[in-house]
Amino acid sequence: MLRVRFAPSPTGYLHIGSARTFIFNWLYARRHGGTMILRIDDTDIERNTDQSLQSIFDGLNWLGLGWDEQYRQSDRLDLHRNAAYQLLASGAAYRDFVPAGTDEGEKSHHDGPWLFNPGQREISVEESDRRAAAGEPFVIRYKVPRDSSEIITFHDLVYGPQSKSCNDIEDFALLRSNGMPTYHLASCADDADLNISHIVRGQDHLSNTFKHVLIFRALGSKIPEFAHLPLLVAPDGAKLSKRKHGPVVSVTTYRDAGFLPHTYVNFLCLLGWSPKDNREQLTRQELVDIFSFEGVNRSNAVVNFTEDNPIDAKALWLNSQHMRSMPVEDLLPYVEPVLAEAGLAVPYPAPWLATTVDLLRARFNTLLDYPTRGRAYFADDFPVEADAVKNLDKPGAREGLRALGAKLEANPEFTEASVEKDLRDLADELGVKAGLLINGARAALTGQPVGPSAFHVFTAIGRDRAIARLKAV
RNA sequence: GGCGCUAUCGUCUAACGGUUAGGACAGAGCCCUCUCAAGGCUUAAAUACGGGUUCGAUUCCCGUUAGCGCUACCA
């Protein structure tokens, strides 16, 4: 049974790279009928916050992909501690009584890695037990083999065969002196206990995997498959960091910018993975059907953003593509709440919203465009842009538009065709170009110099409102 | 410093020894047109560098350089 997990630690908001890791895990699980597990890795009690936990759930819920099982590491501390003591008992680990932060060998970092605190590995079991019983603080470390220069190997589904000498692996900590497990221990103990079959995570864990192989081995557990993902980096090439790059790396930035959740999923998939057939816009089902680690590349991907524009241009384009191509009835549930939040009501009964959204979406890029650029369709109070005023100020424009208002009022028919005929007839009568009235009408009806074909605007605004706006110029 | 990973247009990427190095976004131009978009067409833009291997390297090997990651009782 294929089982994968996404294991965020609640120390900040859900960031874009984490979101992608979640998505790739989810895709892989769905692709192969496996189980998707959400595990909150909250063993760092110093840095965890409830607010962060909430924002992770907010982000995940917004993506709308869901998961099958959920765990929290802090509920499973006994499991982790038992694992640590199992390793201690089997001789795979030992107590290190050197106080935190005073590791000897810190200074020897220049000529090589720090490997262990001298003398600690050799403390006898009896002495170790006695000092622990006496209350002396200690950390439990993995006793990495030192006698032979053993090579640890594993095969990564993305990066291929990996190997590292034990001479380059330090005696990493398993259990802190405060009794809390470290990430390495908790993660492996849980992965083993939860029968995780594939570990899919960021490439920043590639080097750590050797330690994990060591832990799984000492625990007597089956070693899972690994798939490491290239990192998402900032335009300057640096790892995306919450601290350095601010909220632009948060999932909520795209949500709040009016993106469809699926656009974001689609966009993130294209960062570090390719369907290899030049397709870019893909539905969720298409992604599930074709996702594989074969298509994941090995170099970091740059997320394009600047301080004044946190949104990657390609993501914006992708969003406009999705908005235009999805069934309009599927788009409405996303548009409606955005309108409501802006305090805008839908002015006409049922078919109208679908028709109007369909009219507008060809030139809109985000959901936020509906209440802003599309405000005139939903409300009578809307701003009149300077360039729209220019159209209205053209000689004869205002008079012509008022006359058009009267003419439309006198004609009970109000269709695109009838409005066009009335307008063109009037232009002839007045001896002005039809464009003067057409562009003027758009300006009068929407307050904007640009937008959909004017005659479509008339029917979308509706007879009464259109006439009123024309007469008011 | 040590270890690991990576290197194709500005960005995301395709080409798993033989292509005029392809696509997309962003840029420029043209067409369409009641405006603006959309759409169509065109254009500019890349194999980090140096050695090998080979009849032939973007592709395989080595080195250099650069970037990233790990090197915490963070994850």
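Because only heavy atoms are used, hydrogens play no part in the values below, and waters and symmetry mates are left out as well, while side chains stay in. Each chain gets a letter, A, B and so on, in the order the sequences are listed, and its residues count up from 1.
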Whole Å only: how far is the CG atom of A:Asn304 from the C1' atom of B:rC25? 9 Å

Just checking A:Ser274: base, sugar-phosphate only, or nothing, at a heavy-atom cut-off of under 4.0 Å? sugar-phosphate

Nearest to the A:Asp204 side chain among B:rC73, B:rA14, B:rC70, which nucleotide is it? B:rC70

Classify the side chain of A:Ser207 and the base of B:rC70 as holding, or not holding, a donor-acceptor pair under 3.5 Å. no

B:rG51 versus B:rG40 - spacing of their P atoms, nearest Å: 45 Å

Integer angstrom distance from the P of B:rU64 to that of B:rA24: 39 Å

For the pair A:Phe22 and A:Phe6, name the ring-plane relationship: parallel under 30°, tilted 30 to 60°, perpendicular over 60°. perpendicular

Now, which nucleotide makes the Watson-Crick or G-U wobble pair with B:rA72, with each of the two distances under 3.5 Å? none

Separation of the C1' atoms in B:rC62 and B:rG29, to the nearest angstrom: 47 Å

Base, sugar-phosphate alone, or nothing: which one does A:Asn297 contact when heavy atoms must sit under 4.0 Å apart? sugar-phosphate

Closest-nucleotide ordering on RNA chain B, the 5'-leading residue of A:Ser163 and A:Leu175: A:Ser163

Checking B:rC70, B:rC68, B:rU6 against the side chain of A:Arg298 (C-beta onward), the nearest is B:rU6

For B:rC49, which nucleotide in any strand shown is its Watson-Crick or wobble partner with both distances under 3.5 Å? B:rG63

What I want to check is whether an N or O donor and acceptor connect the side chain of A:Asn278 with the base of B:rG22 at under 3.5 Å. yes

Starting at the 5' end of nucleotides 27-49 of chain B, put B wherever the base has a protein heavy atom under 4.0 Å, S where only the sugar-phosphate does, and a dash everywhere else. -------BBBBSS----------

Would you call A:Asp96-A:Arg121 a salt bridge at under 4.0 Å N-O? no

A:Ser299 has a side chain; which of B:rU11, B:rC70, B:rU6 sits nearest to it? B:rU6

Any base atoms under 4.0 Å from A:Gln162, or only sugar-phosphate, or nothing? Heavy atoms, all strands. sugar-phosphate

Is the closest side-chain donor-acceptor distance between A:Asp42 and A:Ser74 under 3.5 Å? yes

Return no unless some side-chain N or O of A:Thr182 is found under 4.0 Å from OP1 or OP2 of B:rA72. no

Does A:His205 reach a base, just sugar-phosphate, or nothing at all? Heavy atoms under 4.0 Å. base

If pairing requires Watson-Crick or G-U wobble contacts with both distances under 3.5 Å, which nucleotide is the partner of B:rA57? none

Taking atom C1' in both B:rC16 and B:rA57, what distance in whole Å separates the two? 13 Å

From CD1 of A:Ile152 across to P of B:rG4 the rounded distance in Å is 14 Å

Between the side chain of A:Asn365 and the main-chain N/O of A:Ser320, is any donor-acceptor distance below 3.5 Å? no

So, is the end of the A:Arg81 side chain (NZ or CZ) under 6.0 Å from the ring centre of A:Tyr85 and within 45° of the ring's axis? no

Hey, can you tell me if A:Phe172 and A:His184 have their rings parallel, tilted or perpendicular (30° and 60° cut-offs)? perpendicular

Is it true that A:Asp190 and A:Arg5 have a side-chain N and a carboxylate O under 4.0 angstrom from each other? no

Can you measure A:Lys164 atom NZ to B:rC70 atom P for me and round it to whole angstrom units? 11 Å

Rounded to the nearest Å, what distance is computed from the CD1 atom of residue A:Ile151 to the P atom of nucleotide B:rC3? 12 Å

Return the value, rounded to whole Å, for the distance between atom CZ of A:Phe226 and atom C1' of B:rC5. 16 Å

Charged tip of A:Arg141 within 45° of A:Phe116 ring normal and under 6.0 Å: no

According to the interplanar angle, ranging from 0 to 90°, do the rings of A:Tyr183 and A:His205 count as parallel (below 30°), tilted (30 to 60°) or perpendicular (above 60°)? parallel

Using only modelled atom types and a 3.5 angstrom limit, is any donor from either the side chain of A:Asp277 or the base of B:rA14 paired with an acceptor on the other? no

Between B:rU65 and B:rA26, how many Å separate the two P atoms, rounded to a whole number? 39 Å

Which part of the nucleic acid does A:Thr11 contact within heavy-atom distance under 4.0 Å: base, sugar-phosphate only, or nothing? nothing

In terms of the nearest nucleotide of RNA chain B, which residue is placed more toward the 5' end: A:Glu170 or A:Pro230? A:Pro230

Is the positively charged end of A:Arg76 above the ring of A:Tyr71, judged by distance under 6.0 angstrom from the centroid and angle within 45° of the axis? yes

Nearest-Å distance for atom pair CG/C1', residues A:Leu206 and B:rC3: 11 Å

C1' spacing across the pair B:rU58 / B:rA15, given as an integer number of angstrom: 8 Å

Starting at atom CD1 of A:Ile40, determine the distance to atom C1' of B:rA75, rounded to an integer number of angstrom. 13 Å

Between B:rU47 and B:rA21, how far apart are the P atoms? Round to whole Å, please. 12 Å

My understanding is that a pair needs two contacts under 3.5 Å, Watson-Crick or G-U wobble. By that rule, which nucleotide pairs with B:rA21? none

Roughly how many Å apart are B:rC49 and B:rU11, using the P atom of each and rounding to a whole number? 15 Å

Nearest-angstrom distance from the residue atom CG of A:Asn300 to P of B:rC12: 10 Å

Closer than 4.0 angstrom, basic N to acidic O: yes or no for A:Asp277 and A:Arg279? yes

So, does A:Lys276 get its side chain near the phosphate of B:rA14, meaning an N or O under 4.0 Å from OP1 or OP2? yes

What string of B, S and - do you get for nucleotides 59-65 of chain B, 5' to 3', if B is base contact, S is sugar-phosphate-only contact and - is no contact with any protein heavy atom under 4.0 Å? -------

Does one side chain, of A:Gln86 or A:Asn82, offer a donor that lies under 3.5 Å from an acceptor on the other? no

Partner nucleotide of B:rG39 by Watson-Crick or wobble geometry (both distances under 3.5 Å): B:rC31

Using 4.0 Å as the upper bound for N to carboxylate O, is an ion pair formed by A:Asp393 and A:Lys390? no

Strand partner of B:rU8, provided both Watson-Crick or wobble distances fall under 3.5 Å: none

Any base atoms under 4.0 Å from A:Gly272, or only sugar-phosphate, or nothing? Heavy atoms, all strands. sugar-phosphate

If the cut-off is 4.0 Å, is A:Lys314 near the phosphate of B:rA26, judged by side-chain N/O to OP1 or OP2? no

Identify which nucleotide among B:rC68, B:rC73, B:rC12 has an atom closest to any side-chain atom of A:Leu271, counting heavy atoms from C-beta outward. B:rC12

